Amino acid sequence: MTDLGRRIARRLGDATFERVAAVGAENASTNRPRIGQSLLELAQPPLGKGDTAIVIGAGPSLHRRRSLERLAATGYSGAVVAVDGALGACLRQGIVPHLIVTVDPHPERIVRWFGDPGLTAPSADDYFRRQEMDPAHAEDELAANRELLQLVDRYGPHMRVAIATCASPAVVDRCEKAGMRLYWWNPMYDDYDQPDSLSRRLHAENGLPCLNGGGNVGTAAWVVSHAVLGKTRIGLVGLDFGYAPGTSFTRTQYYPELRDMFGDRFTEAFIHVENPFLGETWFTDPAYYWFRDVFLGMAREADCRTFNCTEGGVLFGDGVPMVALEAFVEERGA
Amino acid sequence: MNDYLKGNYKLDAKIEEPAETVTDTTDEFEKKALARLGGSICFVSKKGFLWTGDGNDGPRTADRTPAR
């Protein structure tokens with residue numbers, strides 16, 4: 001095994017800025033007339049009971065470990081914060097999150113997580129058929145989309161969305177039309193102490209807080225949970241940052257890109273990690289490995305205790321112990 | 001290269017070495033990868049979780065439309 005994947009991962013911070021800054025600034029400008037409440041207004045009144053939040057990601061463990069079915073069975077009453085990609089799975093399980101977090105500026109894909117009103121035929125983009133973030137879309141994407149449209153329309157007025165100013169205008173449209181309440185924030189793009197900072201410029205333009213998102217929507221949801229909602233005890237489900245043993249490389253997030261770039265060598269970019277909780281070897285790609293490293297570093301600085309109840313994946317280390325979901329909810333050893 | 005490859009003949013034509021050295025294959029792969037891989041949101045090291053401005057001015061809502 002080579003360390004190609006790890007070396008790439010170490011350089012993804014700058015690459016992410018190059019990838020999202022321009023489109024993010026453009027979307028912020030487009031969305032500007034529609035911006036209403038700030039993310040900070042979510043702090044009061046408290047969401048959910050007590051000091052606990054569960055952050056729901058869209059990783060494969062969510063289905064593999066039946067995390068949502070088990071969460072519903074516990075009678076958990078704390079805050080539920082879900083990433084956009086997990087919204088469909090939550091609603092199908094009867095869990096209406098207090099808050100959805102969305103950040104990715106992709107112009108077409110992200111609206112699908114809310115039900116895409118414009119989808120009338122299978123998309124040429126195989127992203128949703130290939131992914132395992134929500135297997136319902138892989139089975140029959142049109143039927144899954146129709147169901148999601150109905151669910152989001154029904155429960156939209158009961159949900160809040162922490163929406164980044166970089167979000168696609170299509171996502172803003174969909175959330176508004178579903179009656180969801182939007183709370184806005186700027187992604188922290190760069191060092192706001194620098195005079196030419198994009199973060200500083202956006203804040204000056206719209207007055208919104210800048211949130212350090214850690215590379216992905218799952219980490220951003222965790223940051224919102226403690227830095228905005230004030231929760232001090234946070235459980236994670238579905239935050240794998242990796243792929244289960246036996247997953248085909250063709251069904252991984254960055255497969256087309258890695259295949260295009262590395263040809264037959266593409267497997268060298270994957271990183272294999274032993275998960276001590278399950279005694280399984282998972283694998284991950286450079287981007288997810290970067291998310292993992294960043295999360296572990298941020299967790300050490302956070303004013304909260306974080307427990308990984310994902311029961312899979314590669315996110316574990318100092319400050320992020322792995323515990324069973326029920327143990328976290330019942331506060332047994334967690 | 002000339003230190004290792006020596007022929008027992010001489011060429012009439014003068015062969016010039018390319019001006020740029022050939023980039024290591026792995027480095028080339030990584031440059032290409034960085035252009036297409038990455039996250040959906042940045043991470044900014046050592047800048048905290050939330051920045052609300054220099055003067056604790058909080059959210060400015062006066063010039064925004066009300067939330068629905």
Side-chain angles (χ1 to χ4, degrees), chain A residues 4 7-8 11-13 15-21 33-38 40-41 103-106 164 176 179 181-183 187-192 199 203 206-217 220 223 226-228 254 257-258 261-262 265 269 286-287 290-291 294 298 302, chain B:
Chain A
L4 175 62
R7 282 188 285 130
I8 293 172
R11 297 165 63 183
L12 288 181
T16 298
F17 181 88
E18 296 300 322
R19 186 186 197 207
V20 301
R34 309 168 82 166
I35 291 175
Q37 294 192 88
S38 160
L40 299 180
E41 292 164 60
V103 59
D104 193 311
H106 195 283
E176 284 183 344
R181 285 164 284 172
L182 306 187
Y183 296 83
M188 190 184 293
Y189 288 97
D190 52 12
D191 182 353
Y192 49 77
S199 310
H203 175 74
N206 59 31
L208 293 169
C210 297
L211 185 135
N212 206 348
N216 68 97
V217 66
V223 173
H226 67 83
V228 178
Y254 293 93
E257 288 82 4
L258 293 172
M261 287 183 275
F262 299 119
R265 286 185 61 196
W290 176 56
F291 300 160
V294 167
M298 293 177 89
Chain B
M1 188 66 78
N2 291 340
D3 293 338
Y4 302 103
L5 297 178
K6 295 184 184 298
N8 55 1
Y9 55 89
K10 291 185 179 178
L11 296 174
D12 293 333
K14 183 180 180 183
I15 299 174
E16 297 195 4
E17 293 188 3
E20 295 180 4
T21 57
V22 178
T23 307
D24 176 73
T25 307
T26 300
D27 285 346
E28 195 61 32
F29 281 156
E30 292 182 12
K31 284 180 183 174
K32 290 179 181 176
L34 290 171
R36 297 180 65 186
L37 300 178
S40 54
I41 181 172
C42 295
F43 166 64
V44 186
S45 181
K46 298 177 182 174
K47 300 309 289 187
F49 295 103
L50 204 59
W51 181 61
T52 58
D54 292 329
N56 291 325
D57 48 359
R60 280 202 305 271
T61 55
D63 59 343
R64 295 190 219 124
T65 55
R68 297 183 58 197

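If you're wondering where the values come from, they're calculated on a predicted model, not measured in any experiment. Chain letters run A, B, ... following the sequence lines, proteins first, then strands; residues in each count from 1.
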Greatest number of non-hydrogen atom pairs under 4.5 angstrom with chain B, of A/Y192, A/Y254, A/F17, falls to A/Y192
Ranking A/G13, A/C210, A/P105 by heavy-atom pairs under 4.5 Å to chain B gives rank one to A/C210
One option among A/G213, A/G215, A/A287 has the most heavy-atom pairs under 4.5 Å with chain B, and it is A/G215
Cut-off 4.5 Å, heavy atoms of chain B, and the answer for A/E18 is neither
Side chain to side chain contact (heavy atoms under 4.5 Å, CB included) filter on A/A302, not counting sequence neighbours, yields A/W222, A/H226, A/C304, B/F49
Under 4.5 Å to a heavy atom of chain B? For A/D190 that would be backbone
_Please check: side-chain N/O of A/R19 versus main-chain N/O of B/L37, any donor-acceptor pairing under 3.5 Å?_
no
Taking every heavy atom of A/L40 against every heavy atom of A/P209, the minimum-distance pair comes out as CG-CG, 3.8 Å
Are any side-chain N or O atoms of A/S199 and backbone N or O atoms of A/Y189, one a donor and one an acceptor, separated by less than 3.5 Å? yes
Backbone of B/V44 reached by a side-chain donor or acceptor of A/N212 within 3.5 Å: yes
